Engineer: 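For reference, the structure I am asking about is given below.
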Number of protein chains: 2
Amino acid sequence: MKHIKGELEQKGIKPTYQRLCILEYLHAHLVHPTVEGIYDELVDRVPTMSKTTVYNTLRLFSEKDVINEIRITGTEVRYDINCQSHHHFLCKKCGKIYDVDVTCPFANMEHKEVSGHEIQEVHGYFKGICKECLTKQNNEQKGR
Amino acid sequence: MKHIKGELEQKGIKPTYQRLCILEYLHAHLVHPTVEGIYDELVDRVPTMSKTTVYNTLRLFSEKDVINEIRITGTEVRYDINCQSHHHFLCKKCGKIYDVDVTCPFANMEHKEVSGHEIQEVHGYFKGICKECLTKQNNEQKGR
DNA sequence: TTTCATGTTTGTAATCATTACAAATTAAAT
DNA sequence: ATTTAATTTGTAATGATTACAAACATGAAA
Ligand SMILES: [Mn+2]
Ligand SMILES: [Mn+2]
Ligand SMILES: [Zn+2]
Ligand SMILES: [Zn+2]
C-alpha cells in the first residue's frame with residue numbers, strides 16, 4: 001500500500017484516494033482491463049467514484065508513463081500497468097488478451113529507427129485462438 | 001480497369017460500380033486512407049455515393065481479404081490494399097502512416113504460434129517522428 | 001413486357017466510447 | 001476563517017461506426 005503511493009509521488013502525481021484505488025486495481029488485475037471494467041468494480045467499493053474520474057486518471061497515468069494504453073480490439077481502450085515493452089495476443093474466441101514473450105529485436109527496443117524514422121514506441125500484437133480455447137475445441141471434437 | 005474487376009470476381013464479390021470506384025481509389029491511394037477521406041473524394045466523382053456504402057464496401061472487402069483494417073491512431077480505422085503482412089510507422093507530428101520493412105520473424109509469418117496460442121494475424125507498428133519531420137526539425141534549428 | 005425475387009445502395013436514426021465543460025467538493029495556503 | 005488551486009463529479013456534446021428500412025437496380029421467370 002505504501003509503495004503504490006510512492007509510485008505516484010515519484011512521477012509527480014498527487015496520490016489522492018481515487019487515484020490510489022485505480023492504481024491498486026491495475027496492479028491487482030493484470031488482464032488489461034477496460035474503463036468499464038475498472039469502473040464497475042470500483043464503484044462498489046467507492047460509491048462516489050465517477051466514470052469521468054476513471055477516464056481522467058487513466059489519461060493522467062498514461063501521460064506520466066504509469067500505464068500503457070492498448071488498442072487492439074478496435075472498440076475500446078485497455079490498460080496495462082506493465083510498462084516494459086512487450087507484445088500481446090488477442091483471442092478471437094474468448095476476447096482475452098495475453099502477454100506474450102517474443103524474441104523480436106524490436107520488442108526489446110534494440111533499434112532506434114526504421115527507414116530513417118525515429119522510433120519512440122513499439123507496438124506488436126497477434127490475433128488468433130488462444131491455448132485455452134484450442135484445448136476446448138479439441139475436447140469437443142473428441143466428445144463427438 | 002479490367003484487372004480490378006477480376007480481382008473482385010475472384011473473391012466472389014459482385015463488381016458493382018460503387019465497389020469498383022472504391023477499389024480503384026484504394027489502389028491509387030496507398031497512404032492508408034480513412035472512410036472520411038475515401039468518401040470525400042469519391043462523392044465529387046460519384047455524387048450519389050453514400051458514406052454508408054463506403055462503410056459497407058470496406059467491411060465486405062475486409063471480410064473477403066481484399067483489404068486490411070489498420071487501427072493505430074485510436075480514433076478512426078484506416079484501410080490498406082496491401083494485404084501482405086507488413087508493419088507500419090505512425091508519425092506523431094504529421095500523422096502520416098508509412099509502410100516499413102522490418103526483419104522480424106513474425107512479420108514474415110514464420111511462426112504459427114506463440115506461447116501455445118495459434119497465430120492468425122500479426123500486427124506490428126511503431127510510433128515516433130518520421131524522416132521528413134526530422135529533417136524539418138533540423139532545418140529549423142539551423143535557421144535559428 | 002410485366003412480375004417477382006434478390007441483392008445493393010442510400011439516408012436517417014441509434015449506439016457507444018470518449019471528451020468537454022462547469023458546478024460542487026476537497027485540500028492546502030495565508 | 002478566507003482564499004486559492006486542484007480534484008472530482010454529473011451531464012451534455014462529440015464523432016466514428018452500426019442498425020435499419022425504404023428506394024433502387026438487376027436479372028430470371030411467367
Ligand atoms: Mn500486457
Ligand atoms: Mn501498409
Ligand atoms: Zn481464447
Ligand atoms: Zn511526420
Side-chain angles (χ1 to χ4, degrees), chain A residues 4-5 8-9 11-25 32-64 66-80 90 95 97, chain B residues 4-5 8-9 11-25 32-64 66-80 90 95 97:
Chain A
I4 78 165
K5 201 168 166 186
L8 291 186
E9 282 163 347
K11 308 251 176 154
I13 300 171
K14 192 186 284 186
T16 67
Y17 181 60
Q18 286 83 339
R19 288 171 182 171
L20 285 170
C21 283
I22 293 170
L23 183 60
E24 189 190 30
Y25 182 93
H32 316 97
T34 63
V35 166
E36 196 69 24
I38 297 167
Y39 172 75
D40 282 353
E41 185 152 332
L42 288 187
V43 80
D44 287 340
R45 266 187 278 156
V46 188
T48 67
M49 177 74 70
S50 109
K51 197 176 277 186
T52 300
T53 297
V54 179
Y55 274 106
N56 289 340
T57 303
L58 291 171
R59 171 162 33 183
L60 179 68
F61 285 1
S62 190
E63 283 168 0
K64 295 291 173 76
V66 178
I67 59 176
N68 270 336
E69 296 185 349
I70 305 182
R71 318 184 103 107
I72 297 188
T73 60
T75 53
E76 51 198 352
V77 181
R78 314 189 75 123
Y79 295 89
D80 196 341
L90 167 67
I97 294 179
Chain B
I4 79 165
K5 200 168 166 186
L8 291 187
E9 281 162 348
K11 309 252 176 152
I13 299 171
K14 191 185 285 186
T16 67
Y17 181 59
Q18 287 81 340
R19 287 170 183 174
L20 285 171
C21 282
I22 293 170
L23 183 60
E24 189 190 30
Y25 182 94
H32 316 96
T34 63
V35 167
E36 196 70 25
I38 297 167
Y39 171 76
D40 281 352
E41 185 152 330
L42 288 187
V43 80
D44 286 339
R45 266 188 276 157
V46 188
T48 68
M49 177 75 69
S50 107
K51 199 176 276 187
T52 300
T53 297
V54 178
Y55 273 105
N56 289 341
T57 303
L58 292 171
R59 169 160 37 183
L60 179 68
F61 285 1
S62 189
E63 281 167 3
K64 296 291 172 76
V66 178
I67 58 176
N68 270 336
E69 295 186 349
I70 305 181
R71 318 185 104 105
I72 298 188
T73 61
T75 53
E76 51 199 352
V77 181
R78 314 187 75 124
Y79 295 90
D80 198 341
L90 168 68
I97 294 180

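Residue numbers start from 1 in every chain, and the chains themselves are labelled A, B, ... in the order their sequence lines are given, proteins ahead of strands. Side-chain atoms are counted along with the backbone in the values below, which use heavy atoms only and exclude waters and symmetry mates. Just so it is clear, the model here is predicted, and its values are computed rather than measured.
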Engineer: Whole Å only: how far is the OH atom of B:Tyr17 from the C1' atom of D:dT26?
Structural biologist: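 After rounding, the gap between these two atoms is 18 Å.
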Engineer: Each nucleotide in nucleotides 24-30 of chain C should get exactly one letter: B, S or -. Can you fill that in based on protein heavy atoms under 4.0 Å?
Structural biologist: -------
Engineer: Mind listing the closest non-hydrogen atom pair of A:Val54 and A:Ile22 along with its distance?
Structural biologist: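 Minimum heavy-atom separation between A:Val54 and A:Ile22: CA-CD1, 3.9 Å.
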Engineer: Starting at CE of B:Met49 and ending at P of C:dT8, how long is that distance when rounded to a whole Å?
Structural biologist: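 The answer, rounded to whole Å, is 15 Å.
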Engineer: Which pairs would a plain distance check flag for residues 42-49 of chain B, meaning a side-chain donor or acceptor within less than 3.5 Å of a matching protein atom at least two apart in sequence or in another chain?
Structural biologist:
none

Engineer: Are A:Phe61 and A:Lys11 packed together at the side-chain level, in the sense that at least one heavy-atom pair is separated by less than 4.5 angstrom?
Structural biologist: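 No, their side chains stay 4.5 Å or more apart.
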Engineer: Nearest 0.5 Å, please: how far is OG1 in A:Thr73 from CZ in A:Arg78?
Structural biologist: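 A:Arg78 atom CZ to A:Thr73 atom OG1 measures 6.0 Å (nearest 0.5 Å).
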Engineer: How does DNA chain C look in dot-bracket form if you count Watson-Crick and G-U pairs under 3.5 Å, write [ ] for pairs that cross, and put | where a base pairs with another strand?
Structural biologist: ||||||||||||||||||||||||||||||
Engineer: Ignoring backbone atoms, test whether B:Thr53 places a side-chain nitrogen or oxygen under 4.0 Å from the OP1 or OP2 oxygen of C:dT10.
Structural biologist: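 Answer is yes, contact under 4.0 Å.
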Engineer: In terms of the nearest nucleotide of DNA chain C, which residue is placed more toward the 5' end: B:Ile13 or B:Ser50?
Structural biologist: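 Nearer the 5' end of the strand: B:Ile13.
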Engineer: Using a 4.0 Å heavy-atom cut-off to protein, can you give one letter per nucleotide of nucleotides 14-21 of chain C, 5' to 3': B if the base is in contact, S if only the sugar-phosphate is, - if neither?
Structural biologist: ---SBBB-
Engineer: Any sub-3.5 Å donor-acceptor pair from A:Arg71's side-chain atoms to B:Arg71's backbone N or O?
Structural biologist: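 No; zero donor-acceptor contacts below 3.5 Å.
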Engineer: Once you round to the nearest 0.5 Å, how far does CD1 of A:Ile97 lie from CD1 of A:Ile70?
Structural biologist: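 Result: 6.0 Å between the selected atoms.
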Engineer: Under the criterion side-chain contact (heavy atoms from CB on, under 4.5 Å), I'd like the reasoning laid out for A:Tyr79 against A:Glu69: C-alpha separation, chi angles, the key distance, then a yes or no.
Structural biologist: CA-CA 5 Å; A:Tyr79 295 89; A:Glu69 296 185 349; 3.8 Å; yes
Engineer: Please report the distance, rounded to the nearest Å, between CG in A:Leu58 and P in D:dT8.
Structural biologist: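 Roughly 12 Å, once rounded to whole Å.
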Engineer: Whole angstroms only, please: what is the CG-C1' distance between B:Leu20 and C:dT9?
Structural biologist: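 B:Leu20 atom CG is separated from C:dT9 atom C1' by 15 Å.
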Engineer: Among residues at least two apart in sequence or on other chains, which ones pass ring pair (Phe, Tyr, Trp, His ring centres under 6.0 Å) with B:Tyr25?
Structural biologist: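 If we apply the ring pair (Phe, Tyr, Trp, His ring centres under 6.0 Å) test to B:Tyr25, skipping adjacent residues, the hits are B:His29.
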Engineer: How long is the line joining CZ of A:Phe61 and P of D:dT7, in whole Å?
Structural biologist: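 After rounding, the gap between these two atoms is 12 Å.
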Engineer: Identify whether any heavy atom of A:Thr34 sits under 4.0 Å from a base atom; if not, whether one sits that close to sugar-phosphate; answer base, sugar-phosphate or nothing.
Structural biologist: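 The residue A:Thr34 makes no contact with any strand.
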Engineer: Under the side-chain contact (heavy atoms from CB on, under 4.5 Å) criterion, do B:Leu58 and B:Val77 qualify, and how do the steps go?
Structural biologist: CA-CA 10 Å; B:Leu58 292 171; B:Val77 181; over 6 Å; no
Engineer: Rounded to whole angstrom units, what separation is found between the CD atom of B:Gln18 and the P atom of D:dA25?
Structural biologist: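 Atom CD in B:Gln18 sits about 10 Å away from atom P in D:dA25.
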Engineer: Using whole Å, report how far OH of B:Tyr39 lies from C1' of C:dT10.
Structural biologist: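 Rounding to the nearest Å, OH of B:Tyr39 and C1' of C:dT10 are 10 Å apart.
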Engineer: Return the set of residues passing side chain to side chain donor-acceptor pair (under 3.5 Å) with B:Lys51 (not counting sequence neighbours), or none when no residue passes.
Structural biologist: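 Listed in chain order: B:Glu36.
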Engineer: Which atom pair, heavy atoms only, marks the closest approach of B:Gly12 to B:Lys64?
Structural biologist: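 It is O-NZ, 3.8 Å.
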